[in-house]
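Reminder, nothing fancy here: chain letters follow the sequence lines and each chain counts from 1.
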Protein chains: 2
Amino acid sequence: MAGLFRISEAVSIAFHGMGLLAVRGARMSGHEIANAICVSEAHLLKVFQRLARAGLVHSTRGPGGGFEITEDPRAVTLFRVYEAIEGTAECGVCLLGTTTCPFGRCIFGGETERMEKEFLDYLHRVTLADLSAKDEGGTNA
Amino acid sequence: MAGLFRISEAVSIAFHGMGLLAVRGARMSGHEIANAICVSEAHLLKVFQRLARAGLVHSTRGPGGGFEITEDPRAVTLFRVYEAIEGTAECGVCLLGTTTCPFGRCIFGGETERMEKEFLDYLHRVTLADLSAKDEGGTNA
DNA sequence: CATATTCAGGAATTATGGTACCTTTATTCC
DNA sequence: GGAATAAAGGTACCATAATTCCTGAATATG
């Protein structure tokens with residue numbers, strides 16, 4: 001398994017691709033983006049198709065075409081990118097999927113919910129502009 | 001989508017099933033456990049098959065048989081249960097799955113890694129005994 | 001106008017997770 | 001001791017989601 005967060009490769013591609021577009025500040029073709037972040041071009045294209053439908057990027061066909069961010073990167077949160085790919089992110093839903101835990105109360109005492117909220121806050125707080133700004137050199141997480 | 005953490009239904013069944021066994025302190029059949037926590041008996045059986053192979057429960061066949069926890073519930077962390085189902089939980093791995101981020105550094109600045117570690121710490125810290133003890137009435141998370 | 005480039009959309013494929021069913025083991029009751 | 005029953009083990013199947021592939025449409029350029 002890959003990680004503890006439910007971040008699909010699609011979302012990761014969206015984060016990295018959008019981050020790259022934000023840094024470059026110019027239109028880039030799907031081919032260029034995929035090469036730059038070392039992912040499958042087919043998959044990236046599919047991901048950007050969704051981002052385009054969500055209005056987060058504008059796409060242009062034909063030679064010299066490609067994708068460009070439609071808004072100021074400082075206004076685009078990771079959450080919006082996440083939602084464009086995965087649909088609505090629910091938080092605080094019982095892991096069992098039942099509305100009432102068979103135990104009568106949540107056996108985790110609400111702590112998992114707290115941590116999910118923390119992650120959600122992070123997605124809401126961080127913008128595409130932040131992705132290029134931060135340079136504290138964390139390892140790959 | 002269900003939640004932000006990569007908790008499959010299988011892991012959730014394992015947590016709840018083991019929690020129940022810990023509370024009861026006695027052998028229970030798969031049928032009983034599945035009924036108590038309102039999940040598919042077929043799936044629960046498969047999950048417990050893995051828990052048995054991992055040595056976390058002892059299984060007994062035949063009438064009156066079932067599953068029982070092999071160790072003191074205070075000694076069994078959620079992490080061990082998690083690993084028995086999902087395999088090794090990696091933390092701090094780049095969301096893209098590459099060993100070196102194409103950006104040269106992690107674009108998330110290590111914060112996602114920090115949050116993953118926090119969740120991992122939680123799994124390491126909480127034992128089956130804790131699941132039944134906590135009673136602060138959180139909502140279903 | 002022909003051609004090359006680039007994205008759009010849907011079809012086909014693959015992978016994953018969950019389900020159903022049959023087999024084996026053990027107990028109980030006659 | 002044998003038959004019936006209760007229970008877990010194992011395997012094969014199915015459903016859904018994720019990924020790739022293929023064809024078509026749009027646009028720029030010579």
Is the phosphate of [N] approached by [X] (side-chain N or O, under 4.0 Å from OP1 or OP2)?
X: A/Arg27; N: C/dT6; value: no
X: B/Arg50; N: D/dG9; value: no
X: B/Gln49; N: D/dG10; value: yes

Polar atom pairs between nucleotides 17-19 of chain D and protein, under 3.5 Å, N or O only, would you list them?
{"unit_1": "D/dT19", "atom_1": "OP1", "unit_2": "A/Glu9", "atom_2": "OE1", "d": "3.4"}
{"unit_1": "D/dT19", "atom_1": "OP2", "unit_2": "A/His43", "atom_2": "NE2", "d": "3.3"}

Residue mapping more 5' on DNA chain C - nearest nucleotide basis, A/Glu41 or B/Ala42: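 The 5'-side residue here is A/Glu41.
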**Asked** For A/Phe67, which contact category applies under a 4.0 Å heavy-atom criterion: base, sugar-phosphate, or nothing?
**Response**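 Since only primed, P, OP1 and OP2 atoms lie under 4.0 Å of A/Phe67, the category is sugar-phosphate.
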In whole angstroms, how far is the [atom2] atom of [N] from the [atom1] atom of [X]?
X: A/Ile13; N: D/dT20; atom1: CD1; atom2: C1'; answer: 12 Å
X: B/Leu44; N: C/dT19; atom1: CG; atom2: P; answer: 11 Å
X: A/Glu68; N: C/dC7; atom1: CD; atom2: C1'; answer: 13 Å
X: B/Ile85; N: C/dG18; atom1: CD1; atom2: C1'; answer: 13 Å
X: A/Leu45; N: D/dC22; atom1: CG; atom2: P; answer: 14 Å
X: A/His31; N: C/dA4; atom1: NE2; atom2: P; answer: 17 Å

Any non-hydrogen side-chain atom of B/Val126 less than 4.5 Å from a side-chain atom of B/Thr77?
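Counting from C-beta outward, B/Val126 and B/Thr77 never come under 4.5 Å.
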With heavy-atom distances below 4.5 Å as the criterion, would you say the side chains of B/Leu56 and B/Ile69 are in contact?
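Not touching, per the 4.5 Å side-chain cut-off.
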Salt-bridged, [X] to [Y], with N to O below 4.0 Å?
X: A/Glu111; Y: B/Arg125; answer: yes
X: B/Arg80; Y: B/Glu71; answer: yes
X: A/Arg114; Y: B/Glu118; answer: yes

Given the side-chain rings of A/Phe15 and B/Phe108, with only the six-membered ring counted for Trp, is the space between their centroids under 6.0 Å?
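When the ring centroids of A/Phe15 and B/Phe108 are compared, they turn out to be within the sub-6.0 Å range.
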**OP:** Give a yes-or-no answer on whether the side chains of A/His58 and A/Glu68 include a donor-acceptor pair shorter than 3.5 Å.
**Re:**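 Side chains of A/His58 and A/Glu68: no pair found under 3.5 Å.
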Practice prompt. Looking only at side-chain atoms of A/Arg53, point me to the closest of C/dG9, D/dA7, C/dA8.
Written response: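 Among C/dG9, D/dA7, C/dA8, the one nearest the side chain of A/Arg53 is C/dG9.
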| query | Would the number of heavy atoms belonging to other residues, nucleotides or ligands and lying under 6.0 Å from CZ of A/Arg27 be above 12? | reply |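 For A/Arg27, atom CZ is crowded (more than 12 foreign heavy atoms under 6.0 Å).
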Anything under 3.5 Å between a protein N or O and an N or O of nucleotides 23-27 of chain D, put it in a table, one pair a line.
{"unit_1": "D/dG24", "atom_1": "N2", "unit_2": "A/Arg61", "atom_2": "NH1", "d": "3.0"}
{"unit_1": "D/dA25", "atom_1": "N3", "unit_2": "A/Arg61", "atom_2": "NH1", "d": "3.1"}

To the closest 0.5 Å, what do you measure between CZ (B/Phe67) and CG (B/Leu45)?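 Answer for the CZ-CG pair, B/Phe67 versus B/Leu45, is 5.5 Å.
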